[in-house]
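Whatever order the structure lists them in is the order used to number ligands and atoms, beginning at 1. Just so it is clear, the values below take in all heavy atoms, side chains as well, and ignore hydrogens, waters and symmetry mates.
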Amino acid sequence: MNSVYDAIIVGGGVIGGSIAFQLAKRGKRVLVLEKDRLAGKASSAAAGMLGAQAELEADDPLFTLANRSRGMFPALEKELKESSGVDIELVNKGMLKVALTNEQAAGLQNKIKTQQAAGLEAEWLTAADIRKAEPLLANALKGAMYIPHDGQVSAAKLALAFTKSAEELGVEIKEFVEVCDFLTENGVITGVVTTVGEFSSENVIVAGGAWSAFLLEKAGINLVTHPVKGECFSVLTNRPLIEKTIFSDGCYLVPKIGGRIIVGATVKPNTFNQQVSIDGIATLIEKATRLLPAIKGTEWEKTWAGIRPQTGDGLPYFGEHPACKGLFIATGHFRNGILLSPITGVLMADMVEGKPNQEWSAFRLDRSVQPIFS
Ligand code: FAD
Ligand code: GLY
């Protein structure tokens, strides 16, 4: 048995990285185990949008959590830069959620009213306003919801900044080590079994993204989760075509630092296959061209795909196994794991320190509509 850690984290994506960083800041001795490369899965496939208002509805239990997490980014950007040297490329130029039909326009106008009533900033832009703000967008747009505070980051750099900062604080990280099972004694976790041996700890946090459920079965937990593939492509431009992120039904355009635009993303449920398909990219090209005709003249860069961790009711799981003390779970962030990563780190570190927050009980493990503990 290897040396004892205060906490072992399974998964080196943005969620595992954020939890490791927060625990390390609290002086904990932490080990991160990643079966592949750090941030090699969903966390580096993400477009990096912080779409708290664009992607979620005000009555969604995730809305408050997401807005709070979004608000953590400016301070986090500085903190991570200081501790790791990595710039997460936070861009705070806002988002336009555009309407292509009158029906979508009416829906967005309602969404604006609801969010304004909740005290958030959002405003309606007419087609003429859009032409002033983003002159190269298609003339056919009916209007847009302008969300000034839905920014964006480099997802891969955020994940890297978390793990590098954690390492600076003494966290040990092992890549290409798969956790295969748990060690327990009388209903208490004592460690994990891996492909390179056993590691002991009285706290184990599973942050394995879409793969979490396979491991959790070993602890008698059958969480309602499924994988949802997303495909993207990127182009390079030699002049800025858009300033804000453009978000529409089935397609978004995210202008990155350095003249890149990320175009995403398909939504293909129930597959762990990360191959990029012709039909997926063809659909995205068609949708992107409808939004931004000038994208046709840009330089092709690359395509990629990632697997989002979805749950039965669309909410993530944050909690401790009811029958195995010290076994924690943080998974199911679906389309918003980058956005939710800062707050997830804090919330899970609180839980490990025995300070669970009742405010977030909507995400508890036993809420599932199906029986989940076998
Ligand atoms: P992952 O990044 O998948 O990391 C989990 C890690 O755990 C993996 O590296 C895996 O190898 C490891 N692991 C699993 N099981 C084991 C084991 N037994 N032993 C050891 N290691 C293990 N979110 C946003 O907020 N904004 C966006 O704009 C956005 N865009 C997206 C676009 C696409 C195309 C996709 C696919 C996702 C997007 N997301 C976005 C969602 C976001 O990427 C995910 O919610 C987030 O990355 C989940 O992070 P994670 O750490 O839980 O999972
Ligand atoms: N949040 C963007 C995506 O999941 O594609």
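Across the listed options Gly337, Gly306, Cys232, Ser341, Cys232 owns the non-hydrogen atom lying nearest to atom 34 (C) of ligand 1. Around atom 4 (O) of ligand 2, the closest heavy atom drawn from Glu231, Arg308, His333 belongs to Arg308. Scanning Gly11, Gly13, Ser43 for the heavy atom closest to atom 2 (O) of ligand 1 points to Ser43.
Among the atoms of Asn336, none of the N or O lies under 3.5 angstrom from an N or O of ligand 2. Polar contact with ligand 1: absent for Gly16 (N/O pair, distance under 3.5 Å). For ligand 1, the polar-atom distance check against Gly230 finds no nitrogen or oxygen pair separated by under 3.5 Å. Residue Ala42 has at least one nitrogen or oxygen atom sitting less than 3.5 Å from a nitrogen or oxygen atom of ligand 1, judged on distance alone. Not a single N or O atom of Glu55, backbone or side chain, sits closer than 3.5 Å to an N or O atom of ligand 1. Inclusion of Glu34 in the set of residues having an N or O under 3.5 Å from an N or O of ligand 1 is warranted.
Proximity to Leu33 (heavy-atom distance under 4.0 Å) selects the following atoms of ligand 1: 20 (C), 21 (N). Of all the atoms in ligand 1, the ones that sit under 4.0 Å from a non-hydrogen atom of Met49 are 24 (C), 25 (O), 26 (N), 27 (C), 28 (O). Of all atoms in ligand 1, numbered sequentially from 1 with element shown, those under 4.0 Å from a heavy atom of His333 are 45 (O). Per-residue contacts place Ala265 under 4.0 angstrom from the following atoms of ligand 2 (heavy atoms of the residue considered): 5 (O). Near Ala207, the atoms of ligand 1 lying under 4.0 angstrom from a non-hydrogen atom of the residue are 5 (C), 7 (O). If you number the atoms of ligand 1 from 1 as listed, the ones under 4.0 Å from a heavy atom of Trp211 come out as 3 (O), 14 (C), 15 (N). Counting the atoms of ligand 1 from 1 in the order shown, those under 4.0 Å from a heavy atom of Ile15 are 49 (O), 50 (P), 51 (O), 52 (O). The Tyr252 neighbourhood of ligand 1 comprises atoms 30 (N), 32 (C), with distances under 4.0 Å to a heavy atom of that residue.
Applying the salt bridge (Lys or Arg N to Asp or Glu O under 4.0 Å) rule to pairs touching residues 31-55 yields Asp36-Lys41, sequence neighbours excluded. Applying the salt bridge (Lys or Arg N to Asp or Glu O under 4.0 Å) definition to pairs two or more places apart or across chains, those involving residues 247-274 are Glu231-Lys268, Arg260-Glu301, Lys268-Asp279.
Not a single heavy atom of Trp304 sits less than 4.0 Å from an atom of ligand 1. Within the 4.0 Å heavy-atom cutoff, Val177 counts among the residues contacting ligand 1.
Under a 4.0 Å N-O distance rule, the pair Asp150/Arg70 qualifies as a salt bridge. Salt bridge status for Glu79 with Lys25: present, with a side-chain N to carboxylate O gap under 4.0 Å.
A donor-acceptor pair shorter than 3.5 Å cannot be found between the side chains of Arg335 and Gln310.
Contacts between Phe334 and ligand 2 below 4.0 angstrom, taking non-hydrogen atoms only, are absent altogether.
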